[in-house]
Structure formats: structure tokens, C-alpha cells
Amino acid sequence: MTNLEIAWALAEMGDLLELKGEEPFKVRAYHRAARALENLEEEAASLLARDALEEIPGVGKNLAKKIAELLTTGRSTFLENLRREVPPGLREMLAIPGLGSRSVRQIYQGLGITTLEELEKAAREKRIRTLPGLGSKTELAILKGIEMLRETKEQVPLGIARPLALIFQSQLLNIPGVEQAAVAGSVRRGCEMVGDIDLVTAVRPGHQVAEVMSRCPQVKEVLAREPDRLSFRTVLGVKVEIIMVPPEEFTAAVFYATGSKAHRQALLRLALSRGLRAADIGLVTSRWLAEEEALCKATISTEDNEKEIGQNKGIEAVAGDKEGEEAVFYHRLGLPYIVPELREDRGEIEAALKGDLPRLITLEDIRGDLHMHSRYSDGVETIAAMAAAARRRGYRYIAVTDHSRSLVVARGLSVEQIKAQREEIARLNEELEDITILAGIEVDILADGTLDYEDEILKEFDLVIASIHSGFRQEEGQIMARLEAALRHPYVDILGHPTGRMLGRRRPYAVDVTRIIELAAETGTILEINASTDRLDLNDTAVRMAKEYGVSIAINTDAHDPGHLADMEYGVLTARRGWLEPENVVNTWELERLLARLKRNRQMKR
DNA sequence: GCCGTTTTCGGCCCGACTGTTTTCAGTCG
């Protein structure tokens with residue numbers, strides 16, 4: 001069992017204990033341990049092998065025993081008992097903003113409600129307000145919350161789907177008769193929310209894919225089992241689809257399954273307009289041929305494409321992007337390879353025809369991470385440990401940006417602590433030769449639009465990120481006034497997680513993204529792609545708009561422990577989906593250039 | 001449930017906001 005799966009099990013235990021009414025500190029212990037497992041660099045299995053599970057921070061005797069059981073048997077009697085005691089629907093209700101465990105328990109005990117459907121019905125029938133302590137506003141919050149959950153129903157954030165997909169891929173590769181296995185679909189394209197995990201396998205006759213995979217512990221129910229296709233739902237509720245093809249069809253099937261459908265059909269239209277069939281360019285799967293037939297029958301306009309073809313320049317492969325075997329399909333159409341992140345029919349084929357595809361940023365271009373937390377506020381590690389982890393990733397610089405004083409939950413820094421931290425950073429910078437630590441801050445944009453420290457304090461930081469952490473429910477006018485004040489502030493270098501959304505959990509605050517981008521362009525303020533898998537904020541489309549406005553972007557992980565530095569990958573995926581090139585991203589620059597830019601911008605704003 | 005020059009029990013992140021209420025509990029960040 002992987003660390004991630006153990007983490008999910010612990011988090012579920014924590015939620016179920018909370019719903020049972022266990023004391024908050026016990027509940028928190030489970031969630032803290034879950035987080036620790038999620039970000040552990042060593043596999044828990046190897047820790048168990050040397051009897052060292054208790055070395056994990058937040059794991060004591062009790063949790064070590066539960067983790068050991070998960071590792072050795074793949075199950076947990078404790079968790080199974082909890083699941084019997086607490087109806088599973090209650091856990092879904094916890095996801096509704098405004099409903100905590102106390103209210104959920106109240107609703108369960110008072111009205112016998114165990115599912116979201118029953119809850120919605122009760123709210124509509126105004127029965128929630130009959131319970132003590134709950135009223136009409138809560139009913140409204142319930143209905144709004146359920147609506148939000150519906151929107152992302154059966155979808156999970158990429159940060160969950162991608163690791164899961166990679167687990168399935170490696171399991172497939174261990175099955176006799178499987179020659180190749182690849183992740184396709186929206187996971188491969190790097191979409192922020194994923195409905196289905198698509199995998200493609202190249203198999204020989206007599207393979208055991210369906211037999212083995214349907215017995216995986218992650219599988220909750222098998223949805224379809226056909227000769228060339230297996231579909232199941234996992235215990236997390238995610239749908240998985242595995243396509244099985246003969247080895248010679250593998251590449252075409254991967255290409256097909258990667259999508260998007262819109263991109264695929266745009267390519268087919270282009271081929272058809274040139275008198276080519278899908279089979280002529282090597283796309284031999286039966287599904288492609290069926291799709292082509294449908295397209296041929298439909299009356300389609302190919303005029304736009306004809307025009308583009310006239311302008312088709314000599315096309316070379318895009319440097320820097322790894323080309324797989326799929327490239328041949330594009331080459332046969334006279335196009336350069338188009339990477340999965342761009343396959344959305346958002347102009348990528350037109351750009352390819354003109355030879356105008358971006359030279360997309362890659363993870364290797366990243367030279368530093370400008371947003372992270374240390375033990376001074378709510379991070380779990382020392383500055384030295386964070387710097388060491390950044391060095392292992394090959395970074396040349398980082399910025400330590402702990403929270404400001406008003407964010408008490410996160411132990412925001414007092415003016416005295418700022419001073420102490422700055423001295424520690426100065427000391428570390430003398431010791432460390434190959435990495436530079438910038439003394440930064442993530443300063444709160446307070447509810448009235450002022451920043452959490454006076455200018456005299458802010459101007460001493462090497463880097464200032466301004467973020468909203470309070471007053472989420474203000475009207476758009478108020479929110480935008482706060483953001484505008486921050487963007488125009490002479491010492492604000494970066495706007496952190498600009499919309500405040502949490503994937504699948506919290507909508508953005510009332511924000512006009514276009515206006516933020518305009519203001520960033522006007523003031524030279526850098527906008528963040530917060531790479532945390534909970535956020536991905538800005539998202540891909542906003543990022544692309546920012547690029548068009550000439551706004552610079554910083555891709556930051558907002559790491560609270562060393563493991564989270566790895567989220568950079570997700571930020572880069574989002575940047576690639578937003579067509580960003582290394583030049584657009586300030587943390588691909590050399591440190592000197594970055595610092596000069598910050599300095600120039602502060603002068604310009606004053 | 002974890003943890004420890006505040007150490008084997010008693011803390012553990014705490015203040016603001018909101019909704020439900022007439023003085024506070026629940027939720028959130």
C-alpha cells in the first residue's frame with residue numbers, strides 16, 4: 001500500500017471519528033498524520049521494515065499499529081468498524097461549507113438523514129430549521145453547498161487522480177500479458193478536475209488484466225467488463241476505464257484516449273479537408289473510424305481550415321517538448337507535435353499550422369520557488385530543512401514567505417519574529433553556497449484593504465506576496481477594492497492565489513479575474529499560479545489571458561513541508577495549459593534578473 | 001492520539017464571523 005493510500009485511510013478515520021463526536025484533538029491527530037504520510041519522502045513500507053513508523057511526525061504507538069495493519073493486510077479493522085458505525089453519506093455532508101460535524105450529527109440524529117439526497121429534500125421542505133440551533137440560513141447554505149458538490153460530482157482534483165492513475169499504471173505493468181501501459185485522458189492533459197481516469201494497455205492474448213485489476217483493493221465496484229475494456233469505480237468514487245488493445249494499436253489508442261474530443265475532431269476535420277482519412281495518418285482504432293464516419297456524414301464547414309492551410313509554413317518539431325510516437329500522426333498532417341496539455345481545441349491546431357506553437361515551460365526550467373512556509377508560522381519544517389529540500393530539487397533560490405500577524409491560526413509573525421527570522425536567514429545564506437534564501441512574507445490583505453504591516457516593515461522584505469485569507473464573503477466591489485489596493489501597493493511584488501478557490505471545495509471569492517489581470521499589467525505586479533493541488537489558482541484559462549496581457553507569472557507551491565515542493569509539477573502543468581513559455585515565468589529567471597525586476601517594479605509603483 | 005528542558009499529564013492554533021439567538025455555539029481559516 002502506498003503512502004498516499006494510507007493517508008486517505010487515515011483522513012477517512014479522522015472524518016468518521018469527528019462525525020462520531022470524538023474530541024477534536026484526537027480527530028486532528030489523524031488528519032495531521034494523514035498529511036504527514038501524504039508528504040513523506042520515504043515509503044511507509046520501508047519504515048515498517050526497520051520498525052521506524054513512529055519516526056513519522058505525529059505518529060505514535062497507536063497510529064503506527066493502524067498503519068502497520070494497513071501495510072501488512074491492505075485493510076484496517078478499525079476503519080471498517082467505523083464505516084459500519086457512521087453512515088457514509090454523512091462524510092459527504094461534511095464537505096458542505098457551513099456544515100460541521102456537530103450540525104451533521106444533529107441532522108442525522110434529529111431527522112434520520114443519511115444521504116445528500118435526503119438532506120436536500122429536508123432543506124427544501126424547511127425541516128432543517130426545526131432542529132435546535134439550525135435555521136433558514138443554514139438551509140440555504142445546504143442547498144447551495146449541495147449544488148456546488150453536484151457540479152464536481154464524480155470529479156476529483158488532479159492532485160488525487162494523477163497519483164491514483166500512476167498506481168494503476170504500475171499495477172498494470174506487473175500483470176502477465178501486458179506489454180505497455182499508459183495514462184491517457186484528462187489526467188494526461190493535466191486538467192484540474194478529473195471525471196474518469198483513462199488508461200491504455202497493450203496486451204497479448206491470454207492476458208489477465210480484468211481478473212487482476214478487478215481484485216485490486218482500490219476497486220469498489222466493476223462497472224463494465226468487456227474483451228477490450230474494463231471499467232470500475234474506486235473506493236474514492238473515481239471512475240477508471242482501462243482500454244486493452246493489441247500492441248500494434250497501442251499508440252493510436254493512447255492518442256485517441258488522451259483526447260480531448262474537440263481536439264481529436266478538429267484534427268479529423270483537417271485531415272478530411274485534405275482528402276485524408278484517419279487510417280491514412282495511422283489512426284487505426286475502431287473508435288476513430290467510427291468517429292470519422294460520423295464526421296463525414298455530418299455537414300461540416302471546412303472553409304476555415306482551407307484558409308489556414310494556405311498559410312501553412314514549413315513546420316519543424318517544437319524544441320524542448322519530448323515527442324513520443326504519437327508525433328507521427330501530426331507529422332503526416334504536416335503539423336508539428338502538439339503536447340497533450342494543449343489538446344483542447346483552443347487554437348492549438350491553428351497555431352501549429354502557422355508554426356506558432358509556444359515553446360512551453362517545463363519543470364526543468366524552474367530555478368526557484370517563491371512561496372513557502374516554515375515553522376515560524378504554520379509550516380512544519382525549519383528554514384534550513386526547506387532550503388535543503390529545495391537544493392535537492394536543483395533550485396538556485398527560494399523565498400520563505402510565512403504568514404503575517406493577523407492570521408493567528410497560522411501563527412502569523414509578530415514584528416519581533418520577523419526580525420529573528422531575518423537574522424536566521426542571513427546566517428543560513430552565509431553557510432549555504434549554492435542556494436539563496438530570500439526573506440519574504442505572505443502578508444494578509446485585510447478586510448478593509450490595508451496590508452497587515454506598515455510600509456516601513458514591508459519595504460525590508462526581499463519579496464512580498466499579498467493574499468486574501470479573510471472576508472471571503474464580501475461583495476465583488478469590496479473584494480476588488482482590496483485587490484486593487486494590494487496590486488497598486490508599492491511593496492507588493494506578487495498577488496498570491498488570486499481567486500481564493502479550493503478545488504471541489506470552495507468557490508472563488510467574488511472576483512473579476514480580467515480586471516485583476518489588467519491591473520497586474522498596469523502595475524507590473526506578478527500574478528501567482530499557486531501550484532498546491534488544492535488550489536491551482538490562477539487556472540489555465542486565466543493564465544493564458546495573463547500571458548496575452550503581458551503579465552508575468554510566478555509558479556509557487558505554497559509548501560508547508562518539504563514534500564509539498566513537489567507540487568511544482570502541477571503548477572507547471574497548469575502553466576503549460578495556459579500556453580506559458582519560460583520567459584513568462586519569473587522563477588525560471590536567474591536570481592539577479594528576478595531581483596532587478598522586483599526592484600524596478602517597486603520604484604515604478606512609488 | 002501525540003508529545004515532552006513547561007515532560008508521563010495536560011496541553012494541543014485561536015480569534016472573527018455568522019447565524020441563531022437574546023448571550024452564545026458552531027464554523028472557518
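Scope of the values below: all heavy atoms of this structure, side chains included, with no hydrogens, waters or symmetry mates. Sequence lines set the chain letters: A, B, ... in the order given, protein chains first and strands last, and positions in each chain run from 1. In this text, all values refer to a predicted model and were calculated from it rather than measured experimentally.
- Distance from the side chain of A:L63 is smallest to B:dG1 among B:dC12, B:dT18, B:dG1.
- Here B:dG15 presents its P atom at 16 Å from CZ of A:R405, a figure rounded to the nearest Å.
- The pair A:E139-A:K126 does not count as a salt bridge, with every side-chain nitrogen at least 4.0 angstrom from each carboxylate oxygen.
- Residue A:S103 places at least one side-chain N or O closer than 4.0 Å to OP1 or OP2 of B:dT27.
- A:L140 has its CG atom 10 Å from the P atom of B:dG19, to the nearest Å.
- Comparing the same atom, C1', in B:dT27 and in B:dT20 gives a spacing of 13 Å after rounding to whole Å.
- Around NZ of A:K605, the count of heavy atoms belonging to other residues, nucleotides or ligands within 6.0 Å exceeds 12.
- Among B:dG1, B:dG15, B:dG19, the nucleotide with an atom closest to any side-chain atom of A:K26 is B:dG1.
- Among the atoms of the strands shown, only primed sugar atoms or phosphate atoms (P, OP1, OP2) are found under 4.0 Å from some heavy atom of A:S136.
- Between A:E416 and A:K419 there is no salt bridge, since none of the side-chain N atoms of the basic residue sits less than 4.0 Å from a carboxylate O of the acidic one.
- Nearest-nucleotide positions on DNA chain B place A:L17 closer to the 5' end than the other of A:L134 and A:L17.
- Ring orientation note: the planes of A:F461 and A:Y453 are tilted relative to one another, at an angle of 30° to 60°.
- If you take atom P in B:dG26 and the same atom in B:dT21, they sit 12 Å apart, rounded to whole Å.
- Separating the P atom of B:dT6 from that of B:dC2 is a span of 22 Å, rounded to the nearest Å.
- Atom-to-atom, NZ of A:K61 to C1' of B:dC3 comes out at 13 Å; the value is rounded to the nearest Å.
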Report the C-alpha distance between A:S377 and A:L413 in whole Å, list the side-chain angles of each, state the deciding distance to 0.1 Å, and finish with yes or no for side chain to side chain contact (heavy atoms under 4.5 Å, CB included). CA-CA 6 Å; A:S377 67; A:L413 270 55; 3.9 Å; yes

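- Using bins of under 30°, 30° to 60° and over 60° for the plane-to-plane angle, the ring pair A:F472/A:Y509 lands in the tilted bin.
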List the steps, then state whether ring-ring contact (aromatic ring centres under 6.0 Å, His included) holds for A:H497 with A:H469. CA-CA 10 Å; A:H497 44 74; A:H469 292 115; 5.1 Å; yes

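- Comparing B:dG11 with B:dC17, their P atoms sit 28 Å apart, to the nearest whole Å.
- Along DNA chain B, the nucleotide closest to A:V409 and the one closest to A:R102 are compared, and the more 5′ of them pairs with A:V409.
- Of the candidates B:dG15, B:dC28, B:dG29, B:dG29 carries the atom nearest the A:F472 side chain, counting heavy atoms from C-beta on.
- If you check every strand for non-hydrogen atoms under 4.0 Å, A:K66 touches sugar and phosphate atoms only.
- Nucleotide B:dC14 holds its P atom 17 Å from the CG atom of A:D444, rounded to whole Å.
- Between A:I56 atom CD1 and B:dG1 atom C1' there is a gap of 14 Å when expressed in whole angstrom units.
- Here A:V59 lies in heavy-atom contact (under 4.0 Å) with sugar-phosphate atoms only.
- Atom P of nucleotide B:dC14 and atom NE2 of A:H403 are separated by 16 Å, given to the nearest angstrom.
- Comparing B:dG29, B:dC2, B:dG19 by their closest approach to the side chain of A:R32 singles out B:dC2.
- The nearest whole Å value for the distance from the CD atom in A:E18 to the P atom in B:dT27 is 9 Å.
- Using a 4.0 Å cut-off, some side-chain N or O of A:R28 falls inside it from OP1 or OP2 of B:dC13.
- In this structure B:dT8 sits in no base pair that meets the Watson-Crick or G-U test at under 3.5 Å.
- Between the CZ atom of A:R505 and the P atom of B:dC28 there is a distance of 11 Å, rounded to whole Å.
- With distances taken from any side-chain atom of A:H469 to the nucleotides B:dC28, B:dG29, B:dC12, the minimum falls on B:dG29.
- The side chain of A:E23 sits closest to B:dC12 out of B:dG29, B:dC12, B:dG19.
- Contact annotation: A:T138 reaches the phosphate of B:dT20 (side-chain N/O to OP1 or OP2, under 4.0 Å).
- Of the P atoms belonging to B:dC12 and B:dT5, the separation is 15 Å, rounded to the nearest Å.
- Annotation: B:dC3 and B:dT8 have their C1' atoms spaced 10 Å apart (nearest Å).
- Using a 4.0 Å heavy-atom distance criterion, A:P97 is classed as a sugar-phosphate-only contact.
- For the OP1/OP2 pair of B:dG29 and a distance below 4.0 Å, the side-chain nitrogens and oxygens of A:R506 include at least one atom meeting the criterion.
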